[in-house]
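First comes the structure, then the notes that go with it.
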Protein chains: 2
Amino acid sequence: MNSTNGTRERIIEVAKSRFHNRSYADVGIREICDMASIQKGSFYHFFPSKRDLVLAVIDNFALDWANGFVAEAFDPLLPPMERIDYVIDAAYFWQRSSKELNGHIPGCLFGNLALEVSTQDDVLRAKLNAVFISAKDRFKDTLDEAIEQGIIPPLDSEFTAEAMLAYLEGMILLAKAKNDPEVIYRLGSALKNIRIELNTH
Amino acid sequence: MNSTNGTRERIIEVAKSRFHNRSYADVGIREICDMASIQKGSFYHFFPSKRDLVLAVIDNFALDWANGFVAEAFDPLLPPMERIDYVIDAAYFWQRSSKELNGHIPGCLFGNLALEVSTQDDVLRAKLNAVFISAKDRFKDTLDEAIEQGIIPPLDSEFTAEAMLAYLEGMILLAKAKNDPEVIYRLGSALKNIRIELNTH
DNA sequence: CTTGCATTAGACCGACCGGTCAACTATATT
DNA sequence: AATATAGTTGACCGGTCGGTCTAATGCAAG
């Protein structure tokens with residue numbers, strides 16, 4: 001019943017890597033097929049269009065992410081604010097090792113795609129936004145826990161979580177523009193001190 | 001001696017708008033020529049390649065920026081920390097009015113381009129990075145002034161400035177992904193409280 | 001009026017784009 | 001063994017890509 005060769009998975013894996021290291025528009029179906037050692041016909045057997053592929057890639061990568069370093073960083077056994085430091089560490093080491101492998105920083109796939117396609121495809125944009133929302137929620141839960149335990153004074157955990165995500169994406173953007181992972185290392189310490197007070201609106 | 005028609009300037013203006021609202025890869029020479037009401041021959045008379053065009057667009061936009069809202073926001077007559085608030089206001093109103101005009105948030109041209117091309121073209125990346133560095137320097141000068149006047153406690157102004165820029169770009173990224181300028185409004189208040197202490201390295 | 005140069009026009013190029021299609025093969029079910 | 005179906009092949013499609021080229025303009029100086 002299950003595909004034996006896992007061709008579909010191979011396509012997604014190749015596309016994920018290519019999209020992440022270059023851009024959605026710059027990577028063609030032909031190239032993806034070549035790298036997955038298949039023919040175009042096979043590709044279109046599994047995906048109706050390039051757009052459907054990138055949709056699947058986003059799902060796949062969001063899952064990787066959730067099960068991978070996000071699960072590690074937001075480990076409930078860690079003290080809440082240490083989890084936030086862990087996020088920085090994970091981002092730093094990931095970008096650094098990517099640079100060692102490929103010579104350049106790929107940045108965040110979701111951030112890259114969001115800036116590339118948001119103005120052109122609202123469905124894609126919404127899907128990317130959903131990933132950001134779930135990332136924000138992780139931060140929010142952590143902040144709520146820290147407040148409850150009296151580790152940090154009360155704040156607007158919803159907005160602060162969003163602000164932390166913004167700062168994280170911004171650091172990665174700047175690191176990519178500099179092609180220097182150390183940016184994340186240098187700026188990371190400020191992440192957990194970001195605060196948005198309650199009732200300022 | 002000077003070109004009368006300003007064809008070159010028209011090309012840059014059109015390209016700037018298209019690149020900003022869509023993406024570098026997605027906008028073709030043909031489309032730019034159509035919108036500038038010229039033929040391909042004219043385009044290639046002024047620009048050897050599409051890449052040279054985007055280089056010129058970056059220069060042009062950086063100048064617009066420096067003379068426009070950056071000059072306004074970093075007005076030496078304003079109290080230092082108010083300048084930083086002004087940056088947020090400017091970003092917010094700009095994105096909001098762009099959305100009213102086009103239905104979507106274009107984000108920051110430099111951020112968009114940086115994420116799109118940084119891994120593919122090192123010269124382009126370096127040019128974008130230079131724009132970010134000069135933006136960071138504006139923040140740094142402001143912070144140094146605020147410290148000197150005793151308005152804020154001493155901090156690492158270089159890194160804090162970089163962190164502020166990262167946060168700004170991150171907010172814009174998230175706002176674009178949500179297609180909602182209010183993100184900038186909501187999160188903006190945290191910008192001027194970002195701090196990176198001295199000697200933490 | 002002529003020369004010379006900057007600018008413009010638009011046909012044209014090969015390459016590649018995303019996508020289609022009919023034929024073929026492998027595999028599982030009956 | 002026969003059949004159905006999932007997977008695969010590779011030729012093919014119209015269209016667009018970035019870029020070239022030649023010929024025709026406009027215009028200013030001699």
Side-chain angles (χ1 to χ4, degrees), chain A residues 1-58 60 112-113 116-117 119-124 127, chain B residues 1-58 60 112-113 116-117 119-124 127:
Chain A
M1 179 179 180
N2 253 341
S3 170
T4 52
N5 295 354
T7 306
R8 199 189 128 96
E9 282 65 32
R10 219 166 58 246
I11 294 171
I12 290 178
E13 219 59 38
V14 166
K16 189 165 61 178
S17 153
R18 295 283 99 185
F19 289 157
H20 195 178
N21 283 287
R22 303 235 295 286
S23 75
Y24 175 59
D26 197 59
V27 177
I29 306 290
R30 183 65 192 274
E31 179 184 349
I32 291 168
C33 290
D34 287 350
M35 294 200 60
S37 304
I38 54 161
Q39 298 296 329
K40 261 194 180 178
S42 294
F43 175 90
Y44 282 97
H45 174 70
F46 292 104
F47 299 98
S49 72
K50 189 186 181 185
R51 181 172 174 267
D52 288 281
L53 169 64
V54 77
L55 250 17
V57 165
I58 293 169
N60 180 287
N112 297 349
L113 286 174
E116 185 179 358
V117 307
T119 58
Q120 301 177 59
D121 187 322
D122 214 57
V123 173
L124 227 54
K127 198 175 188 79
Chain B
M1 180 180 178
N2 252 344
S3 170
T4 52
N5 295 355
T7 306
R8 197 188 129 96
E9 282 66 32
R10 219 167 58 248
I11 294 171
I12 290 178
E13 219 58 38
V14 166
K16 190 166 60 178
S17 154
R18 295 284 100 184
F19 288 158
H20 195 178
N21 283 287
R22 301 233 297 284
S23 74
Y24 175 60
D26 198 59
V27 177
I29 306 291
R30 183 66 190 276
E31 180 183 349
I32 291 168
C33 290
D34 286 351
M35 294 200 60
S37 304
I38 55 162
Q39 298 295 329
K40 265 196 178 176
S42 296
F43 176 90
Y44 281 98
H45 174 69
F46 291 105
F47 300 98
S49 72
K50 188 185 181 186
R51 182 173 175 265
D52 287 281
L53 169 64
V54 76
L55 251 17
V57 165
I58 294 169
N60 180 286
N112 297 351
L113 285 174
E116 185 178 358
V117 306
T119 58
Q120 301 177 60
D121 187 321
D122 215 56
V123 173
L124 228 53
K127 197 173 190 80

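All of these numbers come straight from a predicted model, not from anything done at the bench. Computation of the quantities below employed the complete heavy-atom set of this structure, encompassing side-chain atoms and omitting hydrogens, waters and symmetry-equivalent molecules. Convention: sequence-line order gives letters A, B, ...; per-chain numbering from 1.
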Looking at DNA chain D, which of residues 17-27 of chain A put a heavy atom within less than 4.0 Å of it? none
Between Glu116(B) and Tyr24(B) (side chain of the first, backbone of the second, donor and acceptor by atom type, cut-off under 3.5 Å), is there such a pair? yes
Which pair of non-hydrogen atoms, one from Ala56(B) and one from Phe47(B), has the smallest distance, and what is that distance? CB-CE2, 3.8 Å
Judged by each residue's nearest nucleotide on DNA chain C, which is more toward the 5′ side, Glu31(A) or Ile38(B)? Ile38(B)
Heavy atoms only: give me the nearest Cys33(B)-Phe43(B) pair and the separation to one decimal. SG-CB, 3.7 Å
If we only count heavy atoms from C-beta on, is the Lys16(B) to Glu13(B) side-chain gap below 4.5 Å? yes
OP1 or OP2 of dT7(C) less than 4.0 angstrom from a side-chain nitrogen or oxygen of Thr7(B), does that happen here? no
Quick check: are there more than 12 heavy atoms from other residues, nucleotides or ligands sitting under 6.0 Å from CZ of Arg30(B)? no
Please state how far atom NZ in Lys40(A) lies from atom P in dG18(C), giving the value in whole angstrom units. 7 Å
In this structure, how many angstroms lie between the P atom of dA11(C) and the CZ atom of Phe43(B), rounded? 19 Å
In residues 47-54 of chain A, which residues come under 4.0 Å of DNA chain C by heavy atom? Ser49(A), Lys50(A)
Can you tell me how far the CG atom of Leu53(A) sits from the CD1 atom of Ile58(A), to the nearest 0.5 Å? 9.5 Å
What nucleic acid atoms does Gly41(A) come within less than 4.0 Å of, heavy atoms only: base, sugar-phosphate, or nothing? base
At less than 4.0 Å, is any side-chain N or O atom of Ser42(B) found next to OP1 or OP2 of dA9(C)? Yes or no. yes
Which is it for His45(A) and Thr7(A) under the side-chain contact (heavy atoms from CB on, under 4.5 Å) test, yes or no, and what are the steps along the way? CA-CA 10 Å; His45(A) 174 70; Thr7(A) 306; over 6 Å; no
Does a side-chain N or O from His45(A) land closer than 4.0 Å to OP1 or OP2 of dT8(D), or not? no
Whole angstrom value for the distance that separates C1' of dA11(C) from CD1 of Ile29(B): 18 Å
Would you say Tyr44(B) places a side-chain N or O within less than 4.0 Å of OP1 or OP2 belonging to dG19(D)? yes
Kindly compute the distance separating CZ (Arg18(B)) from CD1 (Ile32(B)), expressed to the nearest 0.5 Å. 9.5 Å
Here the distance between atom C1' of dT20(C) and atom CZ of Arg30(A), to the nearest Å, is 15 Å
Distance test, side-chain N/O of Gln39(B) to OP1/OP2 of dG10(C), below 4.0 Å: yes
Please say which of Leu113(A), Leu55(A), Val54(A) ends up in a side-chain contact (heavy atoms from CB on, under 4.5 Å) with Lys127(A). Leu55(A)
